[in-house]
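In listed order, ligands and their atoms are each counted from 1. Basis for what follows: all heavy atoms, side chains included, without hydrogens, waters or symmetry-related copies.
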Amino acid sequence: MLKNSRLRNSIQVVFTLFVLYIGLKFVQFVNNYTSGQSPVLSRPAGVEGFLPISALVSLRAWLYTGVFDKIHPAGLVIFLAVLLISFLFKKSFCSWLCPIGTTSEGLAKAGEFFFGRTFHIPKFLDYPLRSLKYILFFFFFSSVFLIMSGPAAVGFINTPYNMIADVKMLQFFQNLSGTALLIVGLLAVLSLLFENFWCRYLCPYGALLGLVSILSPWKISRRRETCIKCGACTRACPNRIAVDKAQRVRSPECTGCLNCVNACPVPDTLRFTTPLAKLYLTPRKAAIAVLGAWLLIIAAAKLSGHWQTEITPQTYQALIPHAADFTH
Ligand code: SF4
Ligand code: SF4
């Protein structure tokens, strides 16, 4: 039997490997079109999970027209699935499934191995730095929902640029400029030194999920009567939340990782629970809930025809070899 923290880590690793597999299939798909080989391979729709801005525009267009995106439907489904999971179970997508979160955690563990510890940014800098991700989120949100009109969102979805936004993204990472390499390298070093650096300070997606998670019915709750105030929960929290001082953890930084629950030495003192029904999730049940919700939503989208793009192989053939020409 896996220990509880290992259960989460195992799910993270399996999910990340699956995402890498999708990435490899997508590389083959694109290579097929650029090299003119046949037969043409099918495109893994899950790659659209890496197009959150396109998904935000899709959502804008869907709210405007009532028509679900036919260009990147999987991107919008994944975006909505992540929002729903965050609404129900705090930001558990970040700590159980997100490959960037997994990479971030892995780098922090490597940092601990090399330096014997990770470091904390002082509080007077921590607060303003944490606000950066909200500023970035507000920038994207206002660009799409306040500045862009409904017709403009619909127009954007059908541009050649958006149709092959996944191809453009792949080519961006395959041909990283010196500046981009420097930024990625700097982020990697900062993630080695400071736990969850990207997620804590810069991820606009995480900022949105944190705001949604404030409404979550499931939260970490501490029973004061049985708590021995040992502080193990606070020390185990990767997001520096003072769990031992809270009765209910309402922080938008909580990722529902349940490290605090695993660390608590007194049974039933810390629980991932709802306030009314006293429904609580053990780490094992939380794994089933998060993964189950994810798989159910994806299966429902596939069965109801909201997963595969309507872009034809002929359109891909016309666009992909000339991807560099489409700049917006
Ligand atoms: S350790 Fe507990 S409080 Fe901290 S992020 Fe994980 S679940 Fe939330
Ligand atoms: S680990 Fe458990 S007993 Fe210790 S302070 Fe936290 S809630 Fe209380």
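Note: Glu253 CD to Cys199 SG = 10.0 Å, rounded to the nearest 0.5 Å. For the atom pair Leu190 CG and Ile121 CD1, the distance stands at 7.5 Å (nearest 0.5 Å). In this structure, Ile53 CD1 and Phe79 CZ are separated by 10.5 Å, a value rounded to the nearest 0.5 Å. With rounding to the nearest 0.5 angstrom, the CZ atom of Arg240 is 4.5 Å from the CG atom of Asp126. Distance OG/Ser131 to CZ/Phe137: 14.5 Å, rounded to 0.5 Å.
For the side chain to side chain contact (heavy atoms under 4.5 Å, CB included) with Val167, the qualifying choice from Leu319, Thr34, Ile320 is Ile320, the only one to do so.
Within ligand 2, counting atoms from 1 as listed, the ones closer than 4.0 Å to a heavy atom of Leu270 are 7 (S). For ligand 2, the atoms sitting less than 4.0 Å from at least one non-hydrogen atom of Asp244 are 5 (S), numbered in the order shown with element in parentheses. Annotation for ligand 1: atoms under 4.0 Å from non-hydrogen atoms of Pro238 are 1 (S). Shown in contact with Arg222 at under 4.0 Å from a heavy atom are these atoms of ligand 2, numbered in order with element: 7 (S). Ligand-side atoms of ligand 2 in range of Cys233: 1 (S), 5 (S), 6 (Fe), 7 (S), range being under 4.0 angstrom from any heavy atom. Within the listing of ligand 2, atoms 5 (S), 8 (Fe) sit less than 4.0 angstrom from a heavy atom of Lys229. The Pro265 neighbourhood of ligand 2 comprises atoms 1 (S), with distances under 4.0 Å to a heavy atom of that residue. Distances below 4.0 Å separate heavy atoms of Gly231 from the following atoms of ligand 2: 4 (Fe), 5 (S).
Sorted by chain and number, the protein atoms of type N, O or S within less than 2.8 Å of atom 8 (Fe) of ligand 1 are Cys254 SG.
Between Phe272 and Phe89, the angle of the ring planes lies from 30° to 60°, which puts this pair in the tilted group.
Under a hydrophobic clustering in which Ile, Leu, Val, Met, Phe, Trp and Tyr are joined whenever their side-chain heavy atoms come within less than 4.5 Å, directly or via other members, Val266 and Leu270 fall into different clusters. Phe18 and Leu24 end up in different hydrophobic clusters when Ile, Leu, Val, Met, Phe, Trp and Tyr side chains are linked at under 4.5 Å.
Among all protein heavy atoms, the one lying closest to atom 8 (Fe) of ligand 2 is Cys227 SG, 2.3 Å. For atom 4 (Fe) of ligand 2, the nearest protein heavy atom (residue, atom name, distance) is Cys230 SG, 2.3 Å. The nearest protein atom to atom 2 (Fe) of ligand 2, hydrogens excluded, is given as Cys264 SG, 2.3 Å; this is a heavy-atom distance.
Among residues at least two apart or in separate chains, there is no salt bridge (Lys or Arg N to Asp or Glu O under 4.0 Å) pair with a member in residues 112-125.
At a threshold of 4.0 Å, the pair Glu195-Lys109 does not count as salt-bridged, since none of the basic side-chain nitrogens sits closer than that to a carboxylate oxygen.
Only the side chain of Thr269 comes within 4.0 Å of ligand 2, counting heavy atoms alone; its backbone N, CA, C and O stay farther away. Proximity of Ser95 to ligand 1, defined as any heavy-atom pair under 4.0 Å, is not found for any part of the residue.
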Would you sort out whether Ser221 and Arg248 count as a side chain to side chain donor-acceptor pair (under 3.5 Å), showing the intermediate values? CA-CA 4 Å; Ser221 301; Arg248 219 159 142 70; 2.6 Å; yes
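Taking 4.0 Å as the cut-off, Ala236 does not count as a neighbour of ligand 2 on heavy-atom distance.
Within 6.0 Å of atom NZ in Lys25, 12 or fewer heavy atoms from other residues, nucleotides or ligands are found, so the atom counts as exposed in its surroundings.
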